[in-house]
**Student:** 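Before anything else, here's the structure in question.
So you know, we letter chains A, B, ... as the sequences are listed, proteins then strands, and number each from 1.
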Amino acid sequence: MKIKNHIILFLVLLAVWLLLNSSFEIHILIVGVVVSLIITLIFCRNCNVFSEIKLTPKAFFYAIIYVFVFSAALIKSNFDVARRVVTPSLPINPGIVTVKTKLKSKIGRLILANSITLTPGTLTIDIKDDILYIHWIDVLSTNIDEDTQQIVSRFEKYLEVIYG
Amino acid sequence: MVSILLYISLGFMLLGISLSMIRFIKGPLSVDRVISFDVMTVGSLGLIALIAFFTNRIIYIDVALVYGLLSFIGVLIVARYLERGL
Amino acid sequence: MDGTLQIIGAILTLIGSIFLFLGSLGLVRMPDSYNRIQAGTKASTLGTILTLLGIAFINPDWTGKLILLILFVLLTNPISSNVLARAAHYINIPLYKKTVIDKLKKEETIKVNVSEDKINTNSDKKEDKQ
């Protein structure tokens, strides 16, 4: 299990280095591999967040779908904000509600919180265990189950497969 | 055609950054100032990329990368200071 | 010079800058800090991403660095807004007067035990037991 963390961290670092240089010349590749390897060996004592990512084909497929779902939500949220801002009467109805998440892994919760922040009218304020506190610009209901259904579930069904 | 559209978007971007500057000056609380600072810097990333296109120098993209990193760390530090002191 | 790709990129850049402008307008118009954070973060994230994507379309040689910048903005901008909102709630920045509900408030008052509203704390505890 531990070697998986090292491999994922190494690949991420190498990808960042190659994107930064945007060239595949041999000396750049060698420098990238050596430096990524050194950083991985020194700093990966307890980077156990990566071991929660599943590396199955199904997870990969769901990750691609998730990118599209997330992009659609992001664009929709921006139109939502633009509509609210441009309307002269400022139609907002804000409040802080709670939702529950089923995700166990840390990185899955991070991605979930980030996605919630970027989707229409919601902003993650705090997270305690499996309860997320969310500032909602247009509160429709204050019941925890309905809010979970409305805000979280559309991302959770993909993230559950990817991060377990 | 392309450069006309880019000049128009440059204008919109500068207008947006000026509006956040208004909130930065007016903002009654420190949190308002920090959030307008954040919006200003993130908007400036796009502005720097546009300037990099106009002057045709890729080095400005690196400047934008470091600028974004510094702004993120700055916001984190200010938020931490507001929450429990340094 | 003006290929189709360049024109698509210029239009994307224009849309991004308009979103950025609308987000800043929201920053000025919204009534309290939390709503300002919402408007500012969302609009600035998508605006910057679209602008950088447009530049990447116009000048395909720079795509690698611009993709790195896009991923960076996408990952860090929600985190900074989240941290700011949490700090704002922690130091009791008041919510907008039309705010419907504040479920985080109850637990904060119990945990921190602010001395100035002890009556409030007790009533909150009762509500919590239900």
Side-chain angles (χ1 to χ4, degrees), chain A residues 15-24 67 70-71 73-88 90 92-99 110-111 113-128 131-142 144 147, chain C residues 15-16 18-19 21-32 34-35 37-43 45-47 49-50 61-69 71-72 74-90 95-96 98-105 107-108:
Chain A
V16 168
W17 172 255
L18 287 179
L19 277 179
L20 199 57
N21 279 292
S22 13
S23 73
F24 291 96
V67 170
F70 173 70
S71 309
L74 179 57
I75 291 168
K76 215 171 94 188
S77 86
N78 271 272
F79 279 109
D80 185 64
V81 167
R83 181 180 63 81
R84 283 181 208 282
V85 166
V86 172
T87 314
L90 213 62
I92 60 173
N93 184 22
I96 295 175
V97 297
T98 50
V99 297
L110 169 73
I111 303 282
N114 272 6
S115 306
I116 286 173
T117 302
L118 289 175
T119 47
T122 50
L123 167 71
T124 314
I125 289 185
D126 207 348
I127 176 166
K128 280 174 195 146
I131 306 276
L132 274 85
Y133 295 87
I134 287 174
H135 181 266
W136 202 357
I137 207 167
D138 189 7
V139 175
L140 297 178
S141 74
T142 55
I144 182 164
D147 294 338
Chain C
I15 294 171
I18 289 173
F19 274 129
F21 168 72
L22 287 174
S24 307
L25 192 65
L27 204 61
V28 175
R29 284 201 66 198
M30 286 293 182
D32 75 343
Y34 304 96
N35 291 315
I37 291 173
Q38 289 232 21
T41 312
K42 289 190 182 86
T45 309
L46 187 70
I49 287 173
L50 282 181
D61 294 345
W62 297 358
T63 308
K65 274 182 192 177
L66 287 170
I67 284 176
L68 198 62
L69 200 49
L71 287 179
F72 180 76
L74 201 58
L75 197 63
T76 58
N77 218 4
I79 295 177
S80 62
S81 76
N82 175 7
V83 167
L84 263 180
R86 204 176 71 135
H89 202 280
Y90 192 78
L95 287 140
Y96 181 44
K98 280 187 193 166
T99 298
V100 183
I101 189 166
D102 185 1
K103 285 194 180 172
L104 185 54
K105 189 73 181 171
E107 307 201 357
E108 285 293 318

**Student:** Under 4.5 Å between any side-chain heavy atoms of D80(A) and K42(C), yes or no?
**Tutor:**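 When only atoms from C-beta onward are counted, K42(C) and D80(A) do not touch, as no gap falls below 4.5 Å.
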**Student:** Could you give the distance from CG (D32(C)) to NE2 (H135(A)), rounded to the nearest 0.5 Å?
**Tutor:**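 It is 5.5 Å, given to the nearest 0.5 Å.
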**Student:** Under a 4.5 Å heavy-atom cutoff, which of L46(C), I49(C), T41(C) has the most pairs with chain A?
**Tutor:**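 Of the options given, most contacts go to L46(C).
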**Student:** Within a strict 4.5 Å, meaning less than it, do heavy atoms of the Y34(C) and W136(A) side chains meet?
**Tutor:**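 No, too far: nothing below the 4.5 Å cut-off.
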**Student:** Among L18(A), I75(A), L19(A), which has the most heavy-atom pairs under 4.5 Å with chain C?
**Tutor:**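 The option with the most such pairs is L19(A).
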**Student:** S81(C) pairs by side-chain contact (heavy atoms from CB on, under 4.5 Å) with which of N114(A), L118(A), T117(A), T124(A)?
**Tutor:**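 In the set N114(A), L118(A), T117(A), T124(A), the residue that makes a side-chain contact (heavy atoms from CB on, under 4.5 Å) with S81(C) is T117(A).
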**Student:** Measuring from atom CG of L69(C) to atom CG of L20(A), what distance do you get when rounded to the nearest 0.5 angstrom?
**Tutor:**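 Interatomic distance, L69(C) CG to L20(A) CG, rounded to 0.5 Å: 10.5 Å.
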**Student:** Give a yes or no on whether the backbone of P88(A) and the side-chain of R29(C) come within a donor-acceptor separation of less than 3.5 Å.
**Tutor:**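 Pair found, side chain donor or acceptor close to backbone of P88(A).
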**Student:** Taking the side chain as every heavy atom from C-beta outward, state whether V86(A) and L22(C) have any atom pair closer than 4.5 Å.
**Tutor:**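 Yes, at least one pair of side-chain atoms sits under 4.5 Å.
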**Student:** Is L75(C) in contact with chain A via its backbone, its side chain, both, or neither, using a 4.5 Å heavy-atom distance?
**Tutor:**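 When you check distances to chain A, atoms from both the backbone and side chain of L75(C) fall under 4.5 Å.
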**Student:** Nearest heavy-atom pair of I79(C) and L110(A): which atoms, and what distance?
**Tutor:**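 Residues I79(C) and L110(A), closest heavy atoms: CD1-CD1, 4.3 Å.
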**Student:** With chain A as the partner, which of G26(C), G47(C), A87(C) has the greatest number of non-hydrogen pairs under 4.5 Å?
**Tutor:**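 Maximum pair count with chain A is reached by G26(C).
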**Student:** If we define contacts as heavy-atom pairs under 4.5 Å, which of L74(C), N82(C), L84(C) has the most with chain A?
**Tutor:**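 Highest number of heavy-atom pairs under 4.5 Å: N82(C).
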**Student:** Determine the minimum heavy-atom distance between T122(A) and Q38(C), stating which atoms define it.
**Tutor:**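 That closest heavy-atom pairing would be N-OE1, 3.6 Å.
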**Student:** Need one label for S115(A): side chain, backbone, both or neither, based on atoms under 4.5 Å from any heavy atom in chain C.
**Tutor:**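 Contact with chain C is absent: no heavy atom of S115(A) under 4.5 Å.
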